[in-house]
Chemist: 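My structure is below; once you've seen it, I'll send some questions.
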Protein chains: 2
Amino acid sequence: MKTAPKTRDIVNVNTRERILNAAEVLFAEHGFERASLRALTAEAGVNLAAVNYHFGSKAGLIRAVFERRLAPLNAERLNELAALERAARGGPLPPERIIEAFFGPVLRMSMDRRPAARGGSTQRDRGAGSGHRFIRLLGRAHTESRQAMRELLEAEYVEVVERFKAALTRALPQVPEKELAWRMHFTLGAMSYVIAGTDAVQLSASYEVRQSEHPESVMKRIVPFLVAGLTAPLPEAGERGAGANAPANGRRDDRNAERKAA
Amino acid sequence: MKTAPKTRDIVNVNTRERILNAAEVLFAEHGFERASLRALTAEAGVNLAAVNYHFGSKAGLIRAVFERRLAPLNAERLNELAALERAARGGPLPPERIIEAFFGPVLRMSMDRRPAARGGSTQRDRGAGSGHRFIRLLGRAHTESRQAMRELLEAEYVEVVERFKAALTRALPQVPEKELAWRMHFTLGAMSYVIAGTDAVQLSASYEVRQSEHPESVMKRIVPFLVAGLTAPLPEAGERGAGANAPANGRRDDRNAERKAA
DNA sequence: GTCTATAATTGGATAGAC
DNA sequence: GTCTATCCAATTATAGAC
């Protein structure tokens, strides 16, 4: 609000945000390398030099794109978890609720498919819209090997991961720590795959699985799957020999309560 | 074998394979865009122009890298499944075995960490070694948006997915088709996350989870998790309203046998 | 089949006027 | 803050000698 904006009247957004929005679109569509600043500024309807003015470099722009989104997303996760813990008054939480608190925010974001608000054009760019673009971008970032990218993601995630890990540890005392670490790993994998969704790896899934589902519907499917996995019978104590010849130990549902198995 | 190879004596590999090996290394490390043909041919110890001679273009090289690996990998999966089905003589397979047949080959490949055989140098480049490099590359390919890449992967995967889907459908008759499609999706996600492993998304997992494990050990952990998920109690019939207020339906282990729920 | 040299493009970044 | 014009580095791809 320094001086009156250039031409547009009311609903226009400033150059900085126009760039961030266009970057989100084009990075998600073509990757960080192939999306050129030229294409990007054209999409945003701003001048080429504006990127360097506002973000210093292309790398700075990439960083800004992630910071804008990840902070509120993870804050929401922590809020939901904190609300659950308040309601539980110190008791352990049902694992279902923990999963929902972690996955809900990102799932809802990934299914927010408002049209792209492309072109240099104007009104209703509000808040950059359509979170699923950012989610695709996030999936892309996970396979990035750049040092800076990894550090960025790690910094944004470390707190939520620790908090949710603690909550799950209390919720599932019968699962040894190391086993739980792996099961969280599997859980995160299933979640990531779902939100990566549409054009990433869907090919390997069956073709009936489409993103036309509502978030609640997906949640209703994935929660029982993950809770069953998290509370599954523990593998036998011996670390070795679960090869293809091990007996199919079927569907027992006993929960051994040993902690820290080997 | 047309004329005697340039200088090296016995164990040298031809230019074509040297390029493929170097491409696998550098594409996995830096991505398809950032790994230049210059860096790549330097790594391989071959001339820059050789890439275009042997593969037509950089895109052609990328295609060749994937084709060399995916075909045998998926053939192995189909072989293992076929062996199981022969042994079962027409009966349904235990889901544990199906998961192992699908995941075993890629898991073993991902944990094959023979050193990179880098540099222009020579002997023991055999078969390109260390499959985990290719696995990382595969993870990267999944987030690629290029049309050609998607078609390539889809073509390589369609048969295995169909065959394994059929096997799981027979193994889990109590799970409705659509539900099973989702559960396969979750399953593939957990698997992908594990093999993407080391530097991809490990940050979000807990730091105790390391790739130092043996394939059998990982398999022993993931199989019970996935089988429990695949055989989990079905969500209630109504499609709506599994929001954060649904009752925590805990750990029943009843399996409703309805097929095709809404 | 392999090499050198170079063409043809495209990219990120910046200087300096406004 | 925005713009034009331009620099400079790096890329893929190819032509043509060997």
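Chain identifiers are assigned alphabetically (A, B, ...) following the order of the sequence lines, protein sequences preceding nucleic acid strands; residue numbering begins at 1 within each chain. Since the model is a prediction, treat every value here as computed from it, not as a measurement.
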Chemist: Sequence neighbours left out, what passes side chain to side chain contact (heavy atoms under 4.5 Å, CB included) with A:Glu151? Give chain and number order.
Modeler: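 A:Glu151: side chain to side chain contact (heavy atoms under 4.5 Å, CB included) contacts with A:Gln147.
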Chemist: Report, one pair per line, the protein and nucleotides 11-13 of chain C atoms (nitrogen or oxygen only) whose separation is under 3.5 Å.
Modeler:
from, atom 1, to, atom 2, distance (Å)
C:dG12, OP1, A:Lys58, NZ, 2.6
C:dG12, OP2, A:Leu37, N, 2.8
C:dG12, N7, A:Arg38, NH1, 2.8
C:dG12, O6, A:Arg38, NH2, 2.9
C:dA13, OP2, A:Lys58, N, 2.9

Chemist: Using OP1 and OP2 only, check whether a side-chain N or O of A:Thr15 sits under 4.0 Å from D:dT2.
Modeler: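 Yes, within the criterion.
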Chemist: Does some side-chain heavy atom of A:Phe225 sit less than 4.5 Å from a side-chain heavy atom of B:Thr187?
Modeler: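 Counting from C-beta outward, B:Thr187 and A:Phe225 do come under 4.5 Å.
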Chemist: Got A:Phe66 and A:Met149 here, is their nearest side-chain heavy-atom distance under 4.5 Å?
Modeler: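 The answer is yes, as the side chains (C-beta and beyond) meet within the 4.5 Å cut-off.
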Chemist: Rounded to the nearest Å, what distance is computed from the NE2 atom of residue B:His54 to the C1' atom of nucleotide D:dT14?
Modeler: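 The answer, rounded to whole Å, is 16 Å.
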Chemist: Nearest to the side chain of A:Ala49 - D:dG1, C:dT14, C:dT2?
Modeler: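 Nearest to the side chain of A:Ala49 among the choices is C:dT14.
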Chemist: Within this structure, what is the CG-to-P distance between B:Leu40 and D:dA13, rounded to whole angstrom?
Modeler: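 So the two atoms are 12 Å apart, to the nearest Å.
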Chemist: Is any side-chain heavy atom of B:Asn47 less than 4.5 Å from a side-chain heavy atom of B:Tyr53?
Modeler: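 No, every pair of side-chain atoms sits at 4.5 Å or beyond.
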Chemist: Using whole Å, report how far CZ of B:Phe55 lies from P of C:dG1.
Modeler: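 These atoms are roughly 12 Å apart.
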Chemist: Rounded to the nearest angstrom, tell me the gap between atom CG in A:Asn47 and atom C1' in C:dA15.
Modeler: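 Rounded to whole Å, this separation is 13 Å.
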Chemist: State, with a plain yes or no, whether a side-chain heavy atom of B:Met191 is found less than 4.5 Å away from one of B:Ile99.
Modeler: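 Yes, at least one pair of side-chain atoms sits under 4.5 Å.
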Chemist: Separation of A:Tyr53 atom OH from D:dG1 atom C1', in whole Å?
Modeler: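 These atoms are roughly 5 Å apart.
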Chemist: I would like to know whether B:Arg69 and B:Glu24 meet salt bridge (charged side-chain N to carboxylate O under 4.0 Å, His left out); could you show each step before the answer?
Modeler: CA-CA 10 Å; B:Arg69 294 264 190 209; B:Glu24 210 169 80; 2.7 Å; yes
Chemist: How many Å lie between NE2 on A:His30 and P on C:dT10, as a whole number?
Modeler: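 A:His30 atom NE2 is separated from C:dT10 atom P by 15 Å.
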